[in-house]
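Following: one structure in structure tokens, then a few remarks.
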Amino acid sequence: MQDSVMIDLDVVAELQDVMGSDFSVLLESFERDGQQRLAALTAALAVGDTDSVRREAHSFKGSSGNLGAIQVCTLCMELEALAGEGNLERAETVLTRLNSTFRQACEALNAL
């Protein structure tokens, strides 16, 4: 099942146990924060700001990893590395994939 690859269900189950009914608030926060980070990444790439791309990708990597959004975390890690190398051309391609993957991860998380 694609969702199990997209999402670490063990991490999600643990968060659901710990947070109870507040888990939905966490998902809303993750979705809102992710949209803001994607906008910031897009803006930073547009002006060639490698430091901002690296920082935003690093922060997004942490929040997605904490929530079990595996593929989002992996793409953020790749984006962070590319920005560190100054490879913004390839970073644009990864950001396009990240946008799509983030939407899919949010859908998968909301379906749980």
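Just so you know, these numbers use all the heavy atoms, side chains as well, and skip hydrogens, waters and symmetry mates.
- Looking only at distances, a side-chain donor or acceptor of T74 sits under 3.5 Å from a matching main-chain atom of I70.
- Pairing each heavy atom of A108 with each of I7, the nearest pair is CB-CG1, 3.8 Å.
- Both V18 and L112 are members of a single hydrophobic cluster when ILVMFWY side chains are connected at heavy-atom separations under 4.5 Å.
- Of all heavy-atom pairs spanning A69 and F30, the tightest one is CB-CZ, 4.2 Å.
- Contact check for F23 versus V12: side-chain heavy atoms found under the 4.5 Å cut-off.
- Between T101 and M6, the closest side-chain pair of non-hydrogen atoms falls below 4.5 Å.
- Atoms CD and OG, on Q16 and S24 in that order, are 10.5 Å from each other to the nearest 0.5 Å.
- Residues T50 and N87 fail the side-chain proximity criterion, which asks for heavy atoms closer than 4.5 Å.
- With 3.5 Å as the limit, one finds a donor-acceptor pair spanning the side chains of R55 and S52.
- Here the straight-line distance linking atom OG of S59 with atom CZ of R54 works out to 10.0 Å at 0.5 Å rounding.
- Evaluated for a salt bridge (charged side-chain N to carboxylate O under 4.0 Å, His left out) with R37, the options E31, E56, E80 yield exactly one hit, E56.
- Using a 4.5 Å cut-off on side-chain heavy atoms (C-beta onward), L41 and V53 make contact.
- Around CD of Q35, the count of heavy atoms belonging to other residues, nucleotides or ligands within 6.0 Å exceeds 12.
- Taking CG of L15 as the start and CG of D10 as the end, the distance is 11.0 Å to the nearest 0.5 Å.
- Between the CG atom in D22 and the CG atom in L26 there is a gap of 9.0 Å [rounded to 0.5 Å].
- L79 has its side chain out of reach of F60: every pair of non-hydrogen atoms, C-beta onward, lies at least 4.5 Å apart.
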Exercise for review: Show your working on side-chain contact (heavy atoms from CB on, under 4.5 Å) between T96 and E92 and close with a plain yes or no.
Suggested key: CA-CA 6 Å; T96 300; E92 287 185 34; 5.7 Å; no

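- Smallest separation of non-hydrogen atoms from F102 and L38: CD2-CD1, 3.6 Å.
- A donor-acceptor contact shorter than 3.5 Å is absent between the side chain of S100 and the backbone of R97.
- Of the candidates V11, D8, L27, L27 is the only one forming a side-chain contact (heavy atoms from CB on, under 4.5 Å) with L67.
- The structure places CG of N110 at 8.0 Å from CD of E28, a figure rounded to the nearest 0.5 Å.
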